[in-house]
Amino acid sequence: PSLAALAQILEGWCEGNAARVEQGRDQIKEGLAIHGELQTPEDYPVYYGMLAELLAQTGEIEEALTLISSAAAEAEAGGSLSWLAELYRRKAHLLLL
């Protein structure tokens, strides 16, 4: 089940980047919900960053900013410091929008 949830997240990312942004956004949200039910929180900062990027494309800037802030906090708490730079880059981009 956790691999199926991951596949749904990644498929959503692909859909969102293939000009089906709303569909991709929804797939990532569903995959994250399943992932959360399984209590496998690894890589959430990465997945949240992916979702935030699609949210920005659909004009949901405030939700994207909230998600990026949450992802950065989780990355710091979990020690995923290598992904923090990307999250802060995305946050700066969102703030410019």
Side-chain angles (χ1 to χ4, degrees):
S2 64
L3 290 178
L6 174 58
Q8 186 167 357
I9 292 167
L10 296 177
E11 184 178 332
W13 173 247
C14 291
E15 290 293 325
N17 284 286
R20 293 180 291 278
V21 181
E22 291 86 2
Q23 179 181 343
R25 175 201 60 206
D26 295 344
Q27 278 185 280
I28 292 176
K29 284 183 175 182
E30 290 172 12
L32 283 170
I34 295 167
H35 209 262
E37 289 174 8
L38 300 172
Q39 297 180 353
T40 55
E42 70 276 351
D43 297 324
Y44 272 151
V46 175
Y47 305 149
Y48 286 170
M50 293 164 63
L51 177 56
E53 194 167 314
L54 295 184
L55 288 168
Q57 290 180 36
T58 59
E60 300 167 87
I61 305 301
E62 290 301 319
E63 186 177 349
L65 278 168
T66 299
L67 200 58
I68 287 290
S69 294
S70 174
E74 285 194 32
E76 288 178 11
S80 300
L81 302 180
S82 62
W83 192 246
L84 270 177
E86 176 62 14
L87 292 171
Y88 287 133
R89 184 197 67 78
R90 289 181 181 183
K91 183 174 183 176
H93 176 75
L94 289 168
L95 290 169
L96 287 173
L97 294 175

List the atom of [X], the atom of [Y], and the distance in Å for their closest heavy-atom pair.
| X | Y | answer |
| --- | --- | --- |
| L87 | A75 | CD1-CB, 4.1 Å |
| A64 | L55 | CB-CB, 3.9 Å |
| L97 | A56 | CD1-CB, 4.3 Å |
| I61 | L94 | CG2-O, 3.8 Å |

Checklist entry - Are I68 and L95 in one and the same hydrophobic cluster, where Ile, Leu, Val, Met, Phe, Trp and Tyr link if side-chain heavy atoms are under 4.5 Å apart? => result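 Linked within one cluster.
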Checklist entry - Are Y88 and L81 connected in the hydrophobic side-chain network, where two residues link if heavy atoms are under 4.5 Å apart? => result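 Yes; tracing contacts between hydrophobic side chains, which count when under 4.5 Å, links both residues.
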Checklist entry - With a 4.5 Å limit on heavy-atom distance, are the side chains of N17 and Q57 in contact? => result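 Touching, per the 4.5 Å side-chain cut-off.
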For the atom pair [atom1] ([X]) and [atom2] ([Y]), what is the distance rounded to the nearest 0.5 Å?
| X | Y | atom1 | atom2 | value |
| --- | --- | --- | --- | --- |
| E63 | T58 | CD | OG1 | 8.0 Å |
| L32 | E37 | CG | CD | 11.5 Å |
| C14 | Q23 | SG | CD | 11.5 Å |

Item to check | S69 (side chain) donor-acceptor with L65 (main chain) under 3.5 angstrom | outcome: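 Answer holds: yes.
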Item to check | Side-chain (W83) to main-chain (P45) donor-acceptor, under 3.5 angstrom | outcome: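 At least one qualifying donor-acceptor pair exists.
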Checklist entry - Is the Y44 ring parallel, tilted or perpendicular to the Y48 ring (thresholds 30°, 60°)? => result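 Ring orientation, 0 to 90° scale: parallel.
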Next on the checklist: I need the full list of salt bridge (charged side-chain N to carboxylate O under 4.0 Å, His left out) pairs touching residues 84-94, with sequence neighbours left out, sorted by first then second residue.
Outcome noted: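 Of all non-adjacent pairs touching residues 84-94, those that pass salt bridge (charged side-chain N to carboxylate O under 4.0 Å, His left out) are E53-R90, E86-R89, E86-R90.
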Return all side-chain donor-acceptor pairs below 3.5 angstrom for residues 5-13, not counting sequence neighbours, or 'none' if the list is empty.
unit_1: Q8; atom_1: NE2; unit_2: E30; atom_2: OE1; d: 2.9
unit_1: E11; atom_1: OE2; unit_2: Q27; atom_2: NE2; d: 3.2

